[in-house]
Amino acid sequence: MFTALMPAADNTVGNPALNIGIFVLFVVATLGIVIKVSAGKKTAGEMYTGGAAFSGKQNGIAIAGDYLSAASFLGIAGAIALQGYDGFLYSIGFLVAWLVALLLVAELMRNTGRFTMADVLSYRLKQRPVRMAAASSALAVSFFYLLAQMAGAGGLVSLLLGISGSAAQNIVIAVVGVVMVMYVMIGGMKGTTWVQMIKAVLLIAAAAIMTFWVLGKYGFSLSGLFDAAVKENPKAGEKLLEPGLKYGKTTTTKIDFISLSLALVLGTAGLPHVLQRFYTVPTSRQARKSVEWAIWLIGGFYLLTLVIGFGAGALVGPEKINAAPGKANAAAPLLAYELGGSPLLGIVSGIAFATILAVVAGLTITTSATFAHDLYNQVWKRGQASQEDEVKVARIAALVGGAIAVGGGMLAKDQNVAFLVALAFAVAASANLPTILYSLFWKRFNTRGALWSIYGGLGTALGLIVFSPVVSGKVDPVTGKNLAMLPKSIDFQWFPLDNPGLISIPVGFALGIIGTLTSKEYDEAKHAEMEVRSLTGHGVAEAIDH
């Protein structure tokens, strides 16, 4: 099949046979690891949380592997290469967000829940309606995050194979989706966690090597690197090193930057697949240790993206990046080719693909756990389903979720993956974070407040995204090229901002307050019990089981 997709030589970067050989080697090796560590029959706990058997250090490395996604490596590098300072703001936002997760939710979520975010949100409230709302939100957030990973996978493998054209990239995305679902079906959370740990080490090591290589070309002078990037991008010029190249052109773009910043900083603490990782450790102390390890690793990596991004801008150039399959998402692989030719391109692309595999596997586990544990068992079967049935439904949900992700990835394949992830962060910060914080810290909070906050924040965020320039009506004013997901002929956008966070996040918080204060429901004893659990973790597993 791949042979049929091969293009003319002028579209090829490096040696496609060598590229795909290294890529297949990574896939086979990681799949072998998944099979080895995941042998035996899986309970629901092993499927969703790996039996809570990982140490804080191991889980912190895995969190870094889960969080450093295609957006971090491919999207941010491309954004910095093309937009300079404004692109690096993604790195800053993604990193600062972890302080919110560390200080406000990590330990308390670990103590209060067992498998999913809905375990926490529904504990002191009415189980069925709150679980349905939390599940809807979790699935929506995971979908947008999956879009980003699938878009990155399509562009990356297209570059590896040297193919172009929409149909060919769609086939690549479909094949990638099949491989990703295999990881989840075979390995569950335990296999996924080991892949995430290995991938985190490989990714950070590869980024460090590329960073030193790039700096070496400019005498280990950052100013020399920046000057070269400016020279290679005469259209942007010195503005590449200043704020405002992308977000400072008009009042609308400045407001859009504020909206993006809110989404990035507040979104991490509401991401379901990140929250679920807190349940893979045995104690809340280990959960905090996990986040501490993750912050150091993630922070170090994001510093490296600055050099990689400007290195791609200086050594590859914006024209080559925009002309490659995946556009901005191809900046890091193209830089690898400039530095080390086909061997380094194959290795870096293989690691980047392992990155996507690990992240999508984690997301797919979260969506399948949400569907099987929250909807199937707790809502439809009222907690009476057997573990075997729940795991079976989780596997089916993984298949369906993979198919939906493939379809969405085909639509979003030309979007910058860092930008797509920012949409997921906006939905998470609008629908999940208000309810999580209110559940943990506000005595008066009740079911109506939770439902209004989740559905209101979710509906507002999704509605504004649908009617934003991201989906339709966005055209490059200079080239006239379509920049939206839908064809240029379709235009129904009226909301001016690319990211809805500035509107949808305050709406989610406000509706939680209004809904709570307009309802008389208040269970003081249940809140006190949850407060004890959130601080000590005592009895949470038994409470959720029953």
Side-chain angles (χ1 to χ4, degrees), residues 104-105 108-109 112-144 263 266-267 269-272 275-276 366-367 369-383 424-466 500-501 503-527 529-531 533-534 543-544:
L104 294 180
V105 304
L108 302 181
M109 289 289 290
T112 314
R114 187 182 179 195
F115 290 151
T116 65
M117 177 183 71
D119 289 340
V120 177
L121 301 186
S122 64
Y123 181 75
R124 52 182 281 216
L125 310 175
K126 294 179 181 178
Q127 286 270 325
R128 298 187 77 206
V130 173
R131 281 191 183 274
M132 289 182 68
S136 300
S137 174
L139 293 173
V141 173
S142 297
F143 173 72
F144 278 102
L266 298 178
L271 292 175
L275 298 175
Q276 191 166 337
T366 297
T367 56
T370 298
F371 189 87
H373 178 66
D374 294 326
L375 295 180
Y376 172 74
N377 191 357
Q378 299 296 329
V379 175
W380 299 333
K381 294 294 184 179
R382 298 180 184 273
F425 275 57
V427 177
S430 304
N432 296 344
L433 184 63
T435 318
I436 290 170
L437 295 181
Y438 289 152
S439 294
L440 293 173
F441 299 108
W442 189 15
K443 289 183 180 181
R444 181 72 173 79
F445 193 55
N446 55 35
T447 302
R448 180 185 290 178
L451 297 181
W452 283 26
S453 179
I454 294 174
Y455 285 129
L458 177 64
T460 304
L462 293 181
L464 294 180
I465 289 172
V466 168
I503 306 297
S504 59
I505 295 173
V507 166
F509 276 98
L511 287 176
I513 295 173
I514 296 169
T516 297
L517 297 181
T518 56
S519 171
K520 295 181 179 180
E521 177 195 349
Y522 175 47
D523 190 335
E524 186 174 0
K526 199 70 173 176
H527 169 263
E529 186 178 347
M530 181 175 177
E531 189 172 35
R533 292 188 189 282
S534 68
I544 293 172

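Note that the structure is predicted; figures quoted are calculated from it, not measured.
- Here the CG atom belonging to Leu271 is positioned 10.0 Å from the CG atom belonging to Leu433, to the nearest 0.5 angstrom.
- With sequence neighbours left out, Ser504 forms a side chain to side chain donor-acceptor pair (under 3.5 Å) with Ser430.
- For Tyr438, the ring-ring contact (aromatic ring centres under 6.0 Å, His included) partners are Trp442, Phe445, Phe509, not counting sequence neighbours.
- In terms of the side-chain contact (heavy atoms from CB on, under 4.5 Å) criterion, Pro506 has no residue partners (sequence neighbours excluded).
- The distance from atom CD of Glu521 to atom CZ of Arg444, rounded to the nearest 0.5 Å, is 8.5 Å.
- Partners of Thr367 by side chain to side chain donor-acceptor pair (under 3.5 Å), not counting sequence neighbours: none found.
- Smallest separation of non-hydrogen atoms from Leu464 and Pro500: CB-CB, 3.7 Å.
- Between Gly456 and Val507, the shortest heavy-atom distance links the atoms O-CG1, 4.2 Å.
- Taking OG1 of Thr435 as the reference point, atom CH2 of Trp452 lies at 13.5 Å (rounded to 0.5 Å).
- For the atom pair CD1 of Ile436 and CD1 of Ile454, the computed distance is 9.0 Å after rounding to the nearest 0.5 Å.
- Taking each heavy atom of Gly508 and Ser453 in turn, the nearest pair found is O-OG, 3.0 Å.
- The two residues Ile505 and Ala429 make their nearest non-hydrogen contact at CD1-CB, 3.6 Å.
- The stretch residues 506-519 participates, sequence neighbours left out, in these side-chain hydrogen bond (donor to acceptor under 3.5 Å, both in side chains) pairs: Arg448-Thr518.
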All N/O donor-acceptor pairs, side-chain side in residues 132-142, below 3.5 Å, sequence neighbours left out:
residue	atom	partner	partner atom	Å
Ser136	OG	Met132	O	2.9
Ser137	OG	Asn432	OD1	2.3
Ser142	OG	Ala138	O	2.9

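- For the atom pair CG of Leu462 and CG of Leu458, the computed distance is 4.5 Å after rounding to the nearest 0.5 Å.
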